[in-house]
Amino acid sequence: MEANFDFGMIGIGVMGSNLLLNMADHGFSVIGFDLKQERADALEAAAADGTTVKGVTDITQFTRALKTPRKIMMLVPAGKPVDDVIANLLPHLESGDILIDGGNSFYQDTNARIQRLQPQGIHFFGMGVSGGELGARLGPSMMPGGDEAAYNYLKPILEAIAAKAGDKPCVAYMGRDAAGHYVKMVHNGIEYALMQLISEAYDLLRRGAGYNNGQLSSVFSWWNEGELQSYLVEITAEIFKVVDADDPAHLELVDKILDQAGSKGTGKWTSQDAMNIPVSIPTIDMAVALRDLSVYKEQRVEASRLNGQPVSKVNIDEAELGRALAFSFVIAYAQGLSLLAEASKAYGMHIPLPAVIQVWRAGCIIRSGLLPLFEKAFATRPDLPNLLLHPPLAQWLGERAGAARTVLCDAVQAGIPVAALGSAIAYYDAFRSERLPTNLIQAQRDYFGAHTYRRTDKDGVFHTEWNQ
Ligand SMILES: NC(=O)C1=CN([C@@H]2O[C@H](COP(=O)(O)OP(=O)(O)OC[C@H]3O[C@@H](n4cnc5c(N)ncnc54)[C@H](OP(=O)(O)O)[C@@H]3O)[C@@H](O)[C@H]2O)C=CC1
Ligand SMILES: O=C(CO)[C@H](O)[C@H](O)COP(=O)(O)O
């Protein structure tokens with residue numbers, strides 16, 4: 001086989017095969033490698049007429065078929081499979097070749113791989129890909145980070161296949177080292193928060209106000225026509241309509257799904273890294289914590305027998321609940337973006353926040369009609385440390401905070417857990433407090449541990465013998 005393929009993919013499962021077919025549709029000749037012959041055959045069978053798509057199971061054949069510098073992406077599960085693929089591939093690569101990890105790898109693993117491959121002249125990129133199966137096929141949002149000069153080789157291909165917001169592609173260089181995987185990690189942290197917030201609104205409507213699935217679908221559809229317009233609200237409206245094919249009564253599937261949420265790590269890593277820096281992202285933390293709590297089903301059942309009681313009836317004003325949800329969505333984005341702003345400095349990644357917003361505008365799971373508000377904020381101040389510091393957004397939040405408080409009070413009164421909503425309001429209130437009660441914590445620390453404190457009226461570090 002001649003070396004005439006533009007792009008190679010290792011791992012042609014859900015994401016890899018769809019991304020490769022998307023490239024082929026845009027006129028690039030592509031080749032996929034997988035350990036299983038049936039995957040290679042399936043890839044070729046799925047190719048559109050007139051496109052150049054090849055599937056192979058021989059790594060030598062794969063690498064020899066690629067134009068140099070080779071552009072190869074891996075879309076395999078994070079962790080050991082990525083290192084296994086690198087080990088198998090490395091003997092077949094040359095200096096200047098570009099290797100992209102498009103999976104949800106932990107950013108510190110990506111940094112280690114960049115360091116390891118640099119001496120051999122291999123440009124290693126960590127690239128977040130969002131949009132799921134359909135996004136990969138028709139236009140994903142992509143977050144590549146690594147060597148900026150090498151990015152120029154990838155740019156034409158990635159821009160061609162990316163989702164478009166207006167005429168702008170939802171892909172851009174996200175910064176040095178593992179910046180691409182860092183941005184995707186935070187994207188997923190925000191994704192966790194938005195999903196938890198939506199589930200709390202669902203609980204209020206379902207258990208609190210007694211809505212059936214048809215009514216739920218209507219409310220979410222209606223919200224999706226206003227300021228809550230977003231991929232996650234849109235698919236939620238759809239989910240309530242899907243009936244269980246195995247149920248003779250054709251009841252909706254959502255009611256049959258076990259209430260234990262899975263997770264693969266990106267949300268937890270976002271919280272862990274935020275705590276390491278440290279940056280406060282309590283709504284994302286709470287979303288991770290609630291997924292973890294959901295797993296303890298047996299203990300929850302036991303506790304409900306001891307202490308459970310039906311929730312009280314809640315009178316829901318759908319417009320007010322929508323405003324509360326929009327308020328807490330913005331707080332979740334604000335927390336994630338404030339983490340990116342700090343991490344960019346702390347790790348020297350130089351993440352361009354305006355470009356992050358552009359990349360999230362379409363194709364990704366957290367795309368929403370709220371992003372243009374953030375675009376304006378970063379256009380005014382590209383290094384804005386927190387969205388809450390942008391005056392028009394501060395006003396926007398102020399106009400919706402009352403709705404969030406009313407919904408929170410009603411939920412607490414009724415016994416419906418709205419931990420993420422509560423954390424969003426608490427974050428908002430704490431962030432805009434000129435003075436927090438933390439002076440008392442400092443006094444306590446100094447009392448029991450001589451940890452010292454600073455004063456508001458004079459410079460210096462002080463200690464008091466409190467118990468004399
Ligand atoms: N699904 C989604 O919506 C999204 C997924 N991602 C990320 O993309 C990555 C891939 O996910 P997805 O496509 O869904 O997963 P799939 O399981 O569909 O595909 C994984 C592919 O990797 C191959 N593979 C696994 N281990 C190895 C190995 N050691 N060497 C070579 N190939 C290997 C598998 O081959 P075989 O079956 O032959 O073993 C398979 O073709 C993951 O990191 C995931 O987190 C990112 C965004 C969205
Ligand atoms: O990256 C994604 C979307 O952006 C994936 O769907 C992600 O893997 C989902 O994460 P989890 O399984 O932890 O909910």
Side-chain angles (χ1 to χ4, degrees), residues 7-26 28 30-48 51 53-57 59 62 71-86 88-89 99-106 109-110 125-144 154 157-158 160-163 170-171 180-181 183-185 187-188 191-192 195 231-232 234-235 238-239 242 245 253 257 261-267 359-360 362-367:
F7 201 92
M9 180 73 69
I10 299 191
I12 42 180
V14 173
M15 295 300 284
S17 59
N18 282 297
L19 214 55
L20 216 48
L21 293 169
N22 183 352
M23 287 179 193
D25 288 347
H26 285 86
F28 299 101
V30 297
I31 181 164
F33 168 88
D34 205 283
L35 297 167
K36 293 185 184 132
Q37 184 63 48
E38 60 264 32
R39 287 228 196 242
D41 294 342
L43 175 72
E44 289 188 15
T51 61
V53 178
K54 177 98 191 128
V56 294
T57 54
I59 197 76
F62 172 77
K71 294 168 277 299
I72 300 172
M73 190 186 304
M74 297 177 282
L75 266 163
V76 300
K80 190 173 175 301
V82 175
D83 286 318
D84 289 348
V85 170
I86 294 172
N88 287 339
L89 192 60
L99 184 57
I100 311 157
D101 176 7
N104 280 331
S105 293
F106 183 44
D109 292 345
T110 303
F125 277 75
M127 183 169 90
V129 181
S130 183
E133 183 175 7
L134 209 60
R137 184 71 183 83
L138 301 175
S141 158
M142 290 172 288
M143 297 148 245
L154 303 174
I157 302 179
L158 298 182
I161 65 163
C170 292
V171 61
H181 274 152
V183 172
K184 178 68 194 320
M185 177 185 83
H187 165 287
N188 282 21
E191 177 182 301
Y192 271 55
M195 290 166 77
Y231 174 74
L232 285 169
E234 181 189 332
I235 64 163
E238 292 298 314
I239 284 168
V242 175
L253 179 61
I257 296 180
S263 50
K264 293 195 203 72
T266 46
V359 167
W360 290 352
C364 73
I365 305 295
I366 64 167
R367 63 184 183 258

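No hydrogens, no waters, no symmetry mates; every other heavy atom, side chains included, goes into these values.
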Query raised in the report: Checking side-chain contact (heavy atoms from CB on, under 4.5 Å) for the pair Val30/Met9: CA distance, chi angles, key distance, verdict?
Result: CA-CA 8 Å; Val30 297; Met9 180 73 69; over 6 Å; no
Query raised in the report: For Ile86 and Met74, what are the C-alpha separation, side-chain angles and deciding distance, and is it a side-chain contact (heavy atoms from CB on, under 4.5 Å)?
Result: CA-CA 9 Å; Ile86 294 172; Met74 297 177 282; 4.1 Å; yes
Requested in this report: Please test Ser130 against Met143 for side-chain contact (heavy atoms from CB on, under 4.5 Å), starting from the C-alpha separation and ending with a verdict.
Outcome: CA-CA 8 Å; Ser130 183; Met143 297 148 245; 4.0 Å; yes
Query raised in the report: Given Leu154 and Met127, is the side-chain contact (heavy atoms from CB on, under 4.5 Å) satisfied, shown in steps?
Result: CA-CA 11 Å; Leu154 303 174; Met127 183 169 90; over 6 Å; no
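Checking side-chain atoms of Asn22 against main-chain N and O of Asn18 turns up no donor-acceptor pair under 3.5 Å. Between the side chain of His181 and the main chain of Gly126, no donor-acceptor pair closer than 3.5 Å is present.
Counting all heavy atoms, side chain and backbone alike, Thr110 lies closest to Ser105 at OG1-CB, 3.9 Å. Residues Arg39 and Gly13 share a closest heavy-atom pair of NH1-CA, 3.4 Å. Annotation for Thr266 and Met185: closest pair O-CG, 3.6 Å, computed over non-hydrogen atoms. For the residue pair Gly103 and Asp101, the shortest heavy atom distance occurs at N-OD1, 3.0 Å. Residues Cys170 and Ala162 approach most closely at N-CB, 3.9 Å, considering heavy atoms. Minimum heavy-atom separation, Lys184 to Val129: NZ-O, 3.1 Å.
With rounding to the nearest 0.5 angstrom, the CD1 atom of Ile31 is 12.5 Å from the CZ atom of Phe7. One distance of note links NZ of Lys264 with CG of Asn104; it measures 7.5 Å at 0.5 Å rounding. With rounding to the nearest 0.5 angstrom, the CE atom of Met23 is 4.0 Å from the CD1 atom of Ile161. One distance of note links NZ of Lys71 with CZ of Phe125; it measures 11.5 Å at 0.5 Å rounding. In this structure, the separation between CD1 on Ile10 and CG on Asp34 is 9.5 Å, given to the nearest 0.5 Å. How far CG of Leu19 is from CD1 of Ile100: 9.0 Å, rounded to the nearest 0.5 Å.
Residues satisfying the salt bridge (Lys or Arg N to Asp or Glu O under 4.0 Å) test with Asp84, not counting sequence neighbours, are Lys80.
A tilted orientation is assigned to the rings of Phe33 and Phe62, their planes being inclined by 30° to 60°.
With a 4.5 Å cut-off on side-chain heavy atoms, Val53 and Leu20 do not count as touching. Residues Val82 and Phe106 form no side-chain contact, since every pair of their non-hydrogen atoms from C-beta on lies 4.5 Å or further apart. Side chains of Leu21 and Leu43 form a contact here, defined as non-hydrogen atoms less than 4.5 Å apart. Two residues are said to be in side-chain contact when any heavy atoms from C-beta on lie closer than 4.5 Å; His187 and Ile365 meet this criterion.
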Atom pairs and distances, donor-acceptor, side-chain atoms in residues 131-141, under 3.5 Å, two or more places apart:
unit_1	atom_1	unit_2	atom_2	d
Arg137	NH1	Asp25	OD2	2.6
Arg137	NH2	Asp25	OD2	3.1
Ser141	OG	Val359	O	2.8

